[in-house]
Protein chains: 2
Amino acid sequence: MTDKRRQLIETAFDLFYHHGTHAVGINEILKQANVAKKTLYSHFDSKASLLEAVLHYRDERFVDWLQQRINREQAGKPALLAVFDALDDWFNDRVPSLTAFNGCFFINTCSEYADVWSGPHQLCHEHKKRVRALIETQLARLDQVRDPVWLVDMLSMLKEGAIVTAQVQGDRQAALKARRLAEQLLTEPGLSQK
Amino acid sequence: MTDKRRQLIETAFDLFYHHGTHAVGINEILKQANVAKKTLYSHFDSKASLLEAVLHYRDERFVDWLQQRINREQAGKPALLAVFDALDDWFNDRVPSLTAFNGCFFINTCSEYADVWSGPHQLCHEHKKRVRALIETQLARLDQVRDPVWLVDMLSMLKEGAIVTAQVQGDRQAALKARRLAEQLLTEPGLSQK
DNA sequence: CTTATGGTAGACAGGTCTGTCTACCTGTGT
DNA sequence: ACACAGGTAGACAGACCTGTCTACCATAAG
């Protein structure tokens with residue numbers, strides 16, 4: 001029965017995501033997940049290892065989802081723009097599987113673990129590398145890109161900026177605004193291509 | 001003697017900033033600030049109102065600092081690029097008054113208070129509006145900008161993206177990378193100007 | 001000299017936190 | 001028939017949390 005394990009992770013994610021990892025207690029998770037305390041501690045060593053599992057779970061869900069959105073479009077520029085369309089859906093709560101938007105779980109969690117060598121911080125860092133790799137792969141399909149590394153940096157940064165803007169400023173249009181600049185970056189010959 | 005009050009706010013900021021507001025207890029703040037508990041509660045009603053004061057304090061410090069960096073340069077494009085130079089100094093801990101970099105305190109705090117109507121969330125939102133206004137003012141000095149509102153959006157988003165990238169990916173070059181795009185945005189006639 | 005102000009140290013109440021443990025229940029494979 | 005895996009409920013220890021309170025100290029103004 002891995003059913004309970006999954007239930008724990010999903011409930012913990014929901015609570016951690018919306019209130020922060022330190023603000024949520026084990027007992028709250030147990031109550032909402034309808035799971036006994038003993039069961040939790042048979043699956044996980046501690047709250048910290050539950051958090052680790054939650055980070056892995058969200059990483060997989062999120063990357064899979066984004067990958068699918070990318071795969072729907074033609075490789076290259078359309079696929080890259082699809083990233084921003086996906087963000088737009090996420091920000092406006094049109095992706096139930098990601099749950100109600102409250103920024104990026106990994107940015108949020110990272111801010112609670114400033115120590116770069118802590119487990120959570122490193123997992124967040126690795127998640128961001130994986131997402132960056134998705135963009136990188138699509139960009140590799142484009143010819144004549146003047147400075148591909150910088151362009152990946154810019155698209156990633158634009159993505160992070162849109163997430164934060166949607167969260168803190170409450171600007172639900174953030175993804176579409178960012179998309180417009182992304183499109184120009186991928187079109188303007190003087191900017192990114194020779 | 002407002003001295004103790006200031007000491008409390010500065011110590012609380014440091015701890016909140018690097019560990020999150022929920023992870024830090026009152027007693028820890030008192031110990032590090034060398035202040036008695038009674039004194040804290042004579043200045044503030046509760047931990048929540050201390051946090052409010054800390055948010056105001058950081059807002060003022062940060063906005064003043066950025067404004068000064070902007071004022072050093074010629075109004076318009078040089079002033080706007082100075083924002084990214086300032087970020088670069090911040091990310092690389094060359095601004096002692098802002099304390100060791102751990103992302104944006106307001107983004108970090110916001111993620112612990114998802115409820116849009118909560119006090120902390122609103123204060124974070126207002127801080128971001130003030131920073132945006134600084135950029136807006138400089139942009140107003142430029143002529144022939146095709147879509148000034150969108151351009152402010154882009155510069156702000158780029159700034160947020162750089163902060164998050166420096167924090168989570170540990171990319172200390174983030175500000176300079178963003179600066180390069182900002183410069184193109186403010187130069188390319190086909191992009192932002194007629 | 002007295003009174004007010006602003007501070008110290010820290011005990012304390014009442015609650016919450018994590019993690020352990022006892023005692024019990026249920027379904028399945030052999 | 002029986003062992004066992006995996007679950008339930010929840011008491012409990014020990015630590016830590018916020019916020020109140022007592023008792024005391026120092027300085028400065030009237």
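Chain identifiers are assigned alphabetically (A, B, ...) following the order of the sequence lines, protein sequences preceding nucleic acid strands; residue numbering begins at 1 within each chain.
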Colleague: Quick one: side chain to side chain donor-acceptor pair (under 3.5 Å) pairs with a partner in residues 74-89 of chain B, sequence neighbours left out?
Modeller: B:Arg69-B:Asp89, B:Lys77-B:Thr187, B:Asp85-B:Arg179, B:Asp88-B:Asn92, B:Asp88-B:Arg94, B:Asp89-B:Arg94

Colleague: Please name all residues satisfying side chain to side chain donor-acceptor pair (under 3.5 Å) with A:Glu28, sequence neighbours left out, ordered by chain then number.
Modeller: A:Gln32

Colleague: Please work out which residues in residues 32-42 of chain A have a non-hydrogen atom less than 4.0 Å from an atom of DNA chain C and list them by number.
Modeller: A:Lys37, A:Lys38, A:Tyr41

Colleague: So does B:Asn108 get a backbone contact from the side chain of B:Asn102, meaning a donor-acceptor N/O pair under 3.5 Å?
Modeller: no

Colleague: Using side chain to side chain contact (heavy atoms under 4.5 Å, CB included) as the criterion, list what pairs up with A:Glu60, not counting sequence neighbours.
Modeller: A:Asp64

Colleague: Rounded to the nearest angstrom, tell me the gap between atom CG in B:Asp45 and atom C1' in D:dT20.
Modeller: 14 Å

Colleague: For the helix from C:dC1-D:dG30 to C:dT30-D:dA1, what is the angle between the axes at its two ends, each from 5 pairs, rounded to 10°?
Modeller: 10°

Colleague: Does A:Cys110 have any side chain to side chain contact (heavy atoms under 4.5 Å, CB included) partners at least two apart in sequence or in another chain, and if so, which?
Modeller: A:His121, A:Cys124, B:Val168

Colleague: Between B:Asn27 (CG) and D:dG19 (P), how many Å, whole number?
Modeller: 11 Å

Colleague: Let's see if you get this right: which residues in residues 6-24 of chain B place a heavy atom under 4.0 Å from DNA chain C?
Modeller: none

Colleague: With sequence neighbours excluded, what pairs up with A:Phe16 under the ring-ring contact (aromatic ring centres under 6.0 Å, His included) test?
Modeller: none

Colleague: Quick one: list whatever passes ring-ring contact (aromatic ring centres under 6.0 Å, His included) with A:Tyr17, sequence neighbours left out.
Modeller: A:Phe13

Colleague: Rounded to the Å, how far apart are A:Leu30 CG and C:dG19 P?
Modeller: 11 Å

Colleague: Pick from B:His127, B:His56, B:His125: which one makes a ring pair (Phe, Tyr, Trp, His ring centres under 6.0 Å) with B:Phe106?
Modeller: B:His127

Colleague: Can you tell me how far P of C:dC25 sits from NZ of A:Lys4, to the nearest Å?
Modeller: 18 Å

Colleague: May I have the distance from A:Ile29 (atom CD1) to C:dC17 (atom P), rounded to whole angstrom?
Modeller: 10 Å

Colleague: Got a sec, which residues hit side chain to side chain donor-acceptor pair (under 3.5 Å) with B:Thr165, two or more places apart in sequence or on another chain?
Modeller: none

Colleague: Would you say a side-chain N or O of A:His43 is under 4.0 Å from OP1 or OP2 of D:dG6?
Modeller: no

Colleague: Residues in side chain to side chain donor-acceptor pair (under 3.5 Å) with B:Lys159, at least two apart?
Modeller: none

Colleague: A:Lys47 NZ to C:dT16 C1': how many Å, rounded?
Modeller: 11 Å

Colleague: Could you pull out all residues at least two apart from B:Ala182 that satisfy side chain to side chain contact (heavy atoms under 4.5 Å, CB included)?
Modeller: B:Leu81, B:Phe84, B:Leu155, B:Leu158

Colleague: Return the value, rounded to whole Å, for the distance between atom NZ of A:Lys31 and atom C1' of D:dG10.
Modeller: 13 Å

Colleague: Rounded to the Å, how far apart are B:Ile26 CD1 and D:dT20 P?
Modeller: 11 Å

